[in-house]
Amino acid sequence: MRNVILYIAVSLDGYIAAPDGSVAFLDDFQEEAVGDYGYQDFVSGIDTCLMGSNTYKAILGFGFPWPYMDQDTYVVTSNPQLEIDSPKTTRVVGNIAETIQRLKQETIGKDIWLVGGGQLVQYALNADVLDQMILSITPKLLGEGIRLFPEKSLGSAWELTHQQAYETGMVVLTYTKRKVAK
């Protein structure tokens with residue numbers, strides 16, 4: 001079974017973006033000497049991206065070529081008219097849990113990256129389909145913005161399985177869903 005992994009940067013106060021969706025707060029952490037905080041290693045272990053429509057539109061708006069040419073991408077949206085303008089990308093409208101479960105059950109393939117945003121994270125948590133979280137915690141307070149874990153997310157238990165601190169102050173924490181004894 002494939003795992004669904006949330007890999008995301010978050011401010012110290014729990015925001016993944018400013019109120020306008022900007023992730024410019026991450027610009028201070030692009031030091032070549034430090035590296036990419038494990039990003040390339042992570043991406044080599046996934047072949048599927050699952051993202052919300054706002055995240056999809058933000059990535060397209062960066063003005064760069066589509067960064068996920070080697071991955072199948074599924075864009076979760078309530079808008080059946082959402083224009084898809086990238087290769088190997090499918091619009092998902094309707095039963096999201098069914099799509100995620102189908103992807104998890106595929107016997108061929110690597111892990112699935114839940115790219116964001118907050119609403120999709122909340123949905124994955126509440127549907128109990130998220131297996132691991134890799135959180136890059138930035139030493140910045142945004143004060144407001146788009147929360148990583150919106151209100152009304154169901155509670156769940158996680159185990160810290162890896163941690164890495166960087167001289168920039170960034171800390172990458174890996175949490176794996178704690179298995180509940182049956």
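Because the structure is predicted, anything quoted here is derived from the model rather than measured.
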Return the set of residues passing side-chain hydrogen bond (donor to acceptor under 3.5 Å, both in side chains) with Thr89 (not counting sequence neighbours), or none when no residue passes.
Ser86
Single-linkage hydrophobic cluster Phe25~Leu12, side-chain heavy atoms < 4.5 angstrom
no
Should Thr176 and Gln132 be marked as a side-chain hydrogen bond (donor to acceptor under 3.5 Å, both in side chains) after you check the CA-CA gap, both sets of side-chain angles, and the distance that decides it?
CA-CA 4 Å; Thr176 302; Gln132 193 174 62; 3.2 Å; yes
I need the Leu135 CG to Ile8 CD1 distance, nearest 0.5 Å.
8.0 Å
Name all residues meeting the side-chain contact (heavy atoms from CB on, under 4.5 Å) criterion together with Ser53; count only those two or more places apart in sequence or in a different chain, and write none if there are none.
Lys57, Val75, Thr77, Leu82
Consider only side-chain heavy atoms of I, L, V, M, F, W and Y, link residues closer than 4.5 Å, and tell whether Val10 and Leu125 are in one cluster.
yes
Residue pair Val172 / Ser136: nearest heavy atoms and the distance that separates them:
CG2-OG, 3.6 Å
Rounded to the nearest 0.5 Å, the CG atom of Leu114 sits from the CG atom of Leu130 at a distance of 6.0 Å
Count the heavy atoms belonging to other residues, nucleotides or ligands that lie under 6.0 Å from CD of Glu98, then report whether that count exceeds 12.
no
Can you check side chain to side chain contact (heavy atoms under 4.5 Å, CB included) on Tyr56 and Ile84, steps first, answer last?
CA-CA 9 Å; Tyr56 177 71; Ile84 298 299; 3.8 Å; yes
Hits for ring-ring contact (aromatic ring centres under 6.0 Å, His included) against Trp158, two or more places apart or cross-chain, chain-then-number order -> none
Please round to the nearest 0.5 Å and tell me the distance separating atom OG1 of Thr99 and atom OH of Tyr74.
8.0 Å
What residue pairs, at least two apart or across chains, pass salt bridge (charged side-chain N to carboxylate O under 4.0 Å, His left out) with a residue in residues 153-162?
none
Applying the 4.5 Å side-chain criterion to the ILVMFWY set and letting contacts propagate, would Leu120 and Ile59 be lumped into a single cluster?
no
By the definition side-chain contact (heavy atoms from CB on, under 4.5 Å), identify the one residue from Val43, Leu50, Thr48 that meets it with Gln71.
Val43
Salt-bridged, Asp128 to Lys177, with N to O below 4.0 Å?
yes
For Asp28, enumerate each residue passing the salt bridge (Lys or Arg N to Asp or Glu O under 4.0 Å) test, keeping only those at least two apart in sequence or located in another chain.
Lys140
Is there a path of hydrophobic side-chain contacts, each under 4.5 Å between heavy atoms of I, L, V, M, F, W or Y residues, that connects Ile146 with Met133?
yes
Under the side-chain contact (heavy atoms from CB on, under 4.5 Å) rule, collect the residues that match up with Asn126, sequence neighbours excluded.
Gln122, Ser153, Leu154
Has the side chain of Asp20 got a donor or acceptor atom that lies under 3.5 Å from a matching backbone atom of Ser22?
yes
Let's go through Leu160 and Thr174 carefully: what are the C-alpha distance in whole Å and the side-chain angles of both, what is the deciding distance for side chain to side chain contact (heavy atoms under 4.5 Å, CB included) to 0.1 Å, and is it a yes or a no?
CA-CA 6 Å; Leu160 179 66; Thr174 301; 5.7 Å; no
Identify, with sequence neighbours excluded, every residue that meets salt bridge (Lys or Arg N to Asp or Glu O under 4.0 Å) alongside Glu106.
Arg2, Arg102
Applying side-chain hydrogen bond (donor to acceptor under 3.5 Å, both in side chains) as the test, list every pair that has at least one member in residues 4-19; sequence neighbours left out.
Ser11-Asp13, Tyr15-Arg147
Rounded to the nearest 0.5 angstrom, the OG1-CZ distance for Thr138 and Phe29 is 5.0 Å
Under a 3.5 Å distance rule, please check whether Asp111 uses its side chain to pair with a backbone N or O of Ile46 as donor and acceptor.
no
Which atoms form the tightest heavy-atom contact between Val115 and Met51, and what is the distance?
CB-CB, 3.9 Å
At their closest point, which heavy atom of Ser78 faces which heavy atom of Pro80, and how far apart are they?
O-CD, 3.2 Å
Answer yes if Leu6 and Met1 sit in the same cluster of Ile, Leu, Val, Met, Phe, Trp and Tyr residues linked by side chain heavy atoms under 4.5 Å apart, and no otherwise.
no
If I compare all heavy atoms of Val4 with all of Val129, which pair ends up nearest, and what's the gap?
CB-O, 3.4 Å
Could you list all the salt bridge (charged side-chain N to carboxylate O under 4.0 Å, His left out) pairs where at least one residue sits in residues 117-126, not counting sequence neighbours?
none
Compare every heavy atom of Asp131 with every heavy atom of Lys104, then report the nearest pair and how far apart it is.
NZ-OD2, 2.8 Å
In chain order, what residues pass the side-chain contact (heavy atoms from CB on, under 4.5 Å) check against Gln30, with sequence neighbours excluded?
Leu26
Taking every non-hydrogen atom, the tightest pair across Ile16 and Ala9
CG2-O, 3.6 Å
List the residues meeting ring-ring contact (aromatic ring centres under 6.0 Å, His included) with Tyr166, not counting sequence neighbours, and say none if there are none.
Tyr37
Rounded distance (nearest 0.5 Å) linking atom CD1 of Ile134 with atom CD1 of Ile5
5.5 Å
Return the CG to CD1 distance between Leu173 and Ile137, rounded to the nearest 0.5 Å.
5.5 Å
Who are the ring-ring contact (aromatic ring centres under 6.0 Å, His included) partners of Tyr68, not counting sequence neighbours?
Trp66, Trp113
Backbone N or O of His162 within a donor-acceptor pair of the Tyr175 side chain at under 3.5 Å?
no
